[in-house]
Amino acid sequence: MVDARLLSEKVLAELQYDYRYFSIDHFIHWLEQKKGRKIFSTPHDFPAGSFGTWFTDAEEPYEYIFYRNNVPPIYQIHNQLHELAHFLLGHPTIHITRKFLAEVLRGERELPFNEYALLRSTDKRTDERYIRELEAETLASVIQEKVIRSSQLDQLTSGISSDKNIANYLEHLGMI
Amino acid sequence: MNPAVEIALCFLAWLVALIRLSSTLRHKAWRTDRIAFRIWIATFSFALTMTFLVTPIGDAINRITAPNFSRLLAYSSVSLTLYLTASSFMTTFPTPRNTRQLRYLKPYLLFTLGLLSIIYVLFVSHTSRWVEQPVPATAAEMAFKLTLFSYATILCIMMALACYRYLDQEMVAVTKYRIIAIILTASGGAAFFFTKLILTLGYLWTPLGSPSIHTMSKVLMIATAMLWTGSFLHNNVYTRALSIFHGFRYWLAYQDLSYLVKSLACYCPPVAFEEEKPSFGSFLRRSEYYLYRATIRIFDGKTFIDDILNREKGKELPKGWTELTVQEANQVFQALKNIYVSGDFWDIVRSFRIASKNLARSRSFGTQEAFGWRPQS
């Protein structure tokens, strides 16, 4: 657990992201620039027990994030962050091609999702996949923690006062 | 007061004045920002007051100049400090009444300084060295003190009112608390100077100089000094304090959400890890984070159970599930069925709290009845 947290801090330190500006789109745009990859994040009709997944393009510098569409927005953002965390941590994933994707969009094939959350089985602590999930979820939670801390302070300190004169006054008194 | 304490307070006052001086010089405040400059003059004037009140320094001044001259200097400089502070408050807090009252401040200061000078020249300079006592020893000392303490009381009341009139217009929470702290400080100051005024009148009528009023005066002085320190704390301290204050309020909400999380964990183990339940202290520091994570966990469990309950016909149940598990999970799902799932985060939290209470109630009464909640549109 501690290792996963340290790993998350290391990954995020390299990103140098300013969490005060966080929105999921802004964050993805930042990752695209930092990693030199185009990220497509799309809501999708998932089968039961699945919430999100990430594929990488075998031919182009593209990453594909799919997240469940029929859940509340707050949960959709969380699922995107979780999948982005897998990408940031460099976990192994399925490589797909544009041809494969086109077939999926035409309804000729299905995306390779797992059914009924295999990860929720009880004897999983030593499973390699479980460790990857643990790392991804830890990274997502650290991002969320940083966003909340920034936005909380931002909310509380955004605009020192309703009146500009008072803001200046408090500043002159050394209170800001 | 002990000379060591007097010197320490004097040193502190000069330190504040010097710290502010660097910023004043850097920004050439006397040209660019009159209010900033006025504030610095006030801190400088206050440092002078504290210097004149240090007994060895005061005695030295009196020896070189005239008897009790250090008192005239101290009272004049404290009057100037109060004037500069009050006038900067009234200029900064922009309400019509504050603007109207501002014009009376300067004449009142000049009147007070004039009166102090007259009393000093005619009477105080001819009396022997003052020994600081709660009740004045001479009529001259009484008149001198009455002039200052009435002026100080009135100006402190004006400062408190100036801030109070503006309070409703302030929308930023931290600054609102700051202003409340300033109001309390000014009110404390007014109460302190008022008790000093009563003690001074003890010269005329002995019961007014009673030890109980003297004790009250001391308590008010300490309280005002503490409030004064508090109102000058940095904004980050206020922000942190406010966050902890919110944490107290959110703790009960977190307990309700934790009950739901625990109920869901039986049917839907977490994908990666179960968030450790924080101690009260840890929760206070990161209350919003813990509430957010609990919310995510509830959505996770709710969606998972929904998938199982509404699975395709003929599809098998997950490993370890029986028909009884399905029934129990359905009870939890019923409680969560009508929760508010979009929009404001706090609406979602409120909705979950009600769901949590309904679930607890339905479990105690053995019924599956659950009620949802939605915010009023």
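Throughout, a chain's letter reflects where its sequence line sits, starting with A, and its residues are numbered from 1.
- In this structure, the separation between CD1 on A:Ile77 and CD1 on B:Ile296 is 8.5 Å, given to the nearest 0.5 Å.
- Counting heavy atoms from C-beta on, the side chains of A:Val71 and B:Phe299 never come closer than 4.5 Å.
- Proximity to chain A (any heavy atom under 4.5 Å) is restricted, for B:Tyr166, to the side chain, taken from C-beta onward.
- In this structure, A:Tyr17 places its OH atom where more than 12 heavy-atom neighbours from other residues, nucleotides or ligands lie under 6.0 Å away.
- Here the closest heavy-atom approach between residue A:Ile74 and residue B:Thr295 is recorded as CD1-CG2, 3.9 Å.
- The CZ atom of A:Arg149 sits 7.0 Å away from the CZ atom of B:Arg286 when rounded to the nearest 0.5 Å.
- Going from atom CG of B:Asp307 over to atom CZ of A:Phe51 covers 6.0 Å, rounded to the nearest 0.5 Å.
- Heavy-atom neighbours of A:His29 NE2 from other residues, nucleotides or ligands within 6.0 Å: at or below the threshold of 12.
- More than 12 non-hydrogen atoms from other residues, nucleotides or ligands lie less than 6.0 angstrom from CZ of A:Phe40.
- Interface residue A:Arg68: only side-chain heavy atoms are found under 4.5 Å from chain B.
- Distance check: A:Gln144 CD to B:Tyr289 OH gives 6.5 Å after rounding to the nearest 0.5 Å.
- No part of B:Thr43 comes within reach of chain A, as not one of its non-hydrogen atoms sits under 4.5 angstrom from that chain.
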